[in-house]
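Quantities reported herein were computed from a predicted structural model and do not represent experimental measurements. Chain naming here is simple, since letters A, B, ... match the order of the sequence lines and numbering starts at 1 in each.
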2 protein chains.
Amino acid sequence: MTTRTAEQRRLDARVAHNRDLDGCPGHAILSILAERWTTLVLEALAEGPRRHAELARAVPGATQRMLTRTLRRLERDGLVTRTVTAQVPVRVDYALTELGTDLLELQQSVLCFGRRRIDDIREARRRYDSGS
Amino acid sequence: MTTRTAEQRRLDARVAHNRDLDGCPGHAILSILAERWTTLVLEALAEGPRRHAELARAVPGATQRMLTRTLRRLERDGLVTRTVTAQVPVRVDYALTELGTDLLELQQSVLCFGRRRIDDIREARRRYDSGS
DNA sequence: CCGTATCCAAGATGATACTG
DNA sequence: CAGTATCATCTTGGATACGG
């Protein structure tokens with residue numbers, strides 16, 4: 001007896017659907033870009049390789065922990081390279097890959113859209129918040 | 001005596017920098033798009049107005065709570081309109097605004113990028129994860 | 001200089017049950 | 001049909017201190 005309730009069918013649909021979601025290329029990209037420090041780090045690398053300490057200065061909002069974490073993820077995703085030079089103290093350089101440069105361009109489109117439309121969004125929020 | 005320690009100066013810089021960050025148009029857009037159900041709801045509305053229940057069917061992954069929450073935020077941001085028709089039972093229609101349609105186009109660019117590059121990213125992840 | 005480990009707060013999401 | 005309320009869980013991000 002396969003008497004699944006309507007409730008059960010809905011749950012199954014959700015599970016299946018969520019599997020699809022995780023495979024969506026769009027969401028993969030968004031989850032990379034939307035991480036708090038990703039965009040700033042990519043921008044800081046736009047004009048050439050930078051040492052860890054230089055990036056820390058270029059992105060003063062990030063704690064060292066978050067900067068390192070962000071860089072590790074970008075490296076894992078093939079967006080930046082990490083080069084360690086053995087000296088005392090150690091030297092570490094980061095640079096954009098071709099893939100990283102490509103993503104940076106998309107990031108610029110998002111920024112352009114934001115600049116073009118952010119006022120409309122903020123205005124809508126004001127109206128909504130005052131209306132209720 | 002303004003003897004702020006270097007530690008204190010760094011903290012101040014972070015605070016100031018983070019204020020700037022929150023005002024960045026790019027991050028505002030990304031925080032909208034990156035919410036889990038935003039893209040799917042916008043897509044479901046691409047071809048015309050939909051009732052709440054129709055959206056629930058179009059986005060089966062979302063619970064009713066999340067669907068309502070997502071729609072409320074999109075409404076607040078001026079991306080969709082919400083129209084209530086008094087009848088029994090009540091009828092609620094959602095539709096994209098011009099601003100919402102505009103954002104949907106940006107969303108398509110992100111999706112295109114993902115489709116074009118996702119394999120490179122996944123390959124990079126495999127390499128990274130196997131290498132370490 | 002560069003990175004890691006620990007602890008913690010806040011927000012996002014989800015499960016579930018209930019209402020006009 | 002559409003929405004709300006409550007509670008649990010997971011993920012992000014931040015503070016702080018320590019290590020090679």
Side-chain angles (χ1 to χ4, degrees), chain A residues 5-8 10-15 17-19 21-22 27 30-41 50-76 80 82-94 132, chain B residues 5-8 10-15 17-19 21-22 27 30-41 49-75 80 82-94 132:
Chain A
T5 62
E7 185 63 30
Q8 185 60 47
R10 255 176 277 128
L11 182 60
D12 289 351
R14 264 211 289 282
V15 171
H17 195 262
N18 286 341
R19 255 198 305 274
L21 232 195
D22 291 335
H27 273 82
L30 284 173
S31 73
I32 293 172
L33 281 181
E35 243 181 80
R36 175 131 209 204
W37 304 110
T38 296
T39 55
L40 296 171
V41 169
R50 293 280 180 276
R51 296 187 58 174
H52 181 103
E54 295 175 314
L55 289 175
R57 275 189 295 276
V59 189
T63 59
Q64 195 173 43
R65 179 179 175 279
M66 286 313 296
L67 182 58
T68 298
R69 184 133 102 83
T70 303
L71 286 165
R72 282 288 184 288
R73 291 190 180 178
L74 295 179
E75 185 195 3
R76 175 171 184 263
V80 309
R82 177 170 177 270
T83 312
V84 180
T85 307
Q87 52 183 40
V88 184
V90 65
R91 172 196 180 110
V92 182
D93 289 270
Y94 292 93
S132 58
Chain B
T5 62
E7 186 64 28
Q8 186 60 46
R10 255 176 276 129
L11 183 59
D12 289 350
R14 264 209 291 280
V15 171
H17 195 263
N18 286 342
R19 256 197 306 274
L21 231 196
D22 290 334
H27 273 82
L30 285 172
S31 72
I32 293 172
L33 280 182
E35 244 180 80
R36 177 135 208 205
W37 305 108
T38 296
T39 56
L40 296 171
V41 169
R50 291 282 181 275
R51 297 187 59 174
H52 182 103
E54 294 176 315
L55 288 174
R57 275 190 294 277
V59 189
T63 59
Q64 195 176 41
R65 180 179 175 281
M66 286 313 295
L67 181 58
T68 298
R69 184 133 104 86
T70 303
L71 286 165
R72 282 286 184 289
R73 291 191 179 179
L74 295 179
E75 185 195 4
V80 310
R82 177 169 176 271
T83 311
V84 181
T85 307
Q87 54 183 41
V88 183
V90 64
R91 172 195 179 108
V92 182
D93 290 270
Y94 293 92
S132 56

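From B:Thr68, atom OG1 reaches atom CE of B:Met66 across 10.0 Å, with rounding to the nearest 0.5 Å. The CZ atom of B:Arg82 sits 12.5 Å away from the CG atom of B:Leu74 when rounded to the nearest 0.5 Å. Taking CD of A:Glu54 as the reference point, atom CG of A:Asp93 lies at 7.5 Å (rounded to 0.5 Å). Atom NE2 of A:His27 and atom CG of B:Leu40 lie 5.5 Å apart (nearest 0.5 Å).
With A:Thr38 contributing its side chain and A:Ile32 its backbone, the two residues share a donor-acceptor pair below 3.5 Å.
Taking 4.0 angstrom as the limit, A:Arg57 places none of its side-chain polar atoms (N or O) nearer than this to OP1 or OP2 of C:dC1. The shortest distance between the side-chain N/O atoms of B:Arg91 and the OP1/OP2 oxygens of D:dA2 is not below 4.0 Å. Between B:Tyr94 and the phosphate of D:dC1, there is no side-chain N or O to OP1/OP2 separation shorter than 4.0 Å.
D:dG13 atom C1' lies 17 Å from atom CG of B:Leu30, rounded to whole Å. Between the CG atom of A:Leu67 and the P atom of D:dG14 there is a distance of 12 Å, rounded to whole Å. A straight line from CZ of B:Arg82 to C1' of D:dA2 spans 8 Å, rounded to a whole angstrom. Atom NE2 of B:His27 is separated from atom C1' of D:dT12 by 13 Å (rounded to the nearest Å).
Ionic pairing of A:Arg14 and A:Asp12 is not present here: no N-O contact between side-chain nitrogen and carboxylate oxygen is shorter than 4.0 angstrom.
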Within the 4.0 Å limit for protein heavy atoms, which parts of nucleotides 4-20 of chain C are touched? Write it as a string from 5' to 3', B for base, S for sugar-phosphate only, - for none.
SBB-----SBBB-----
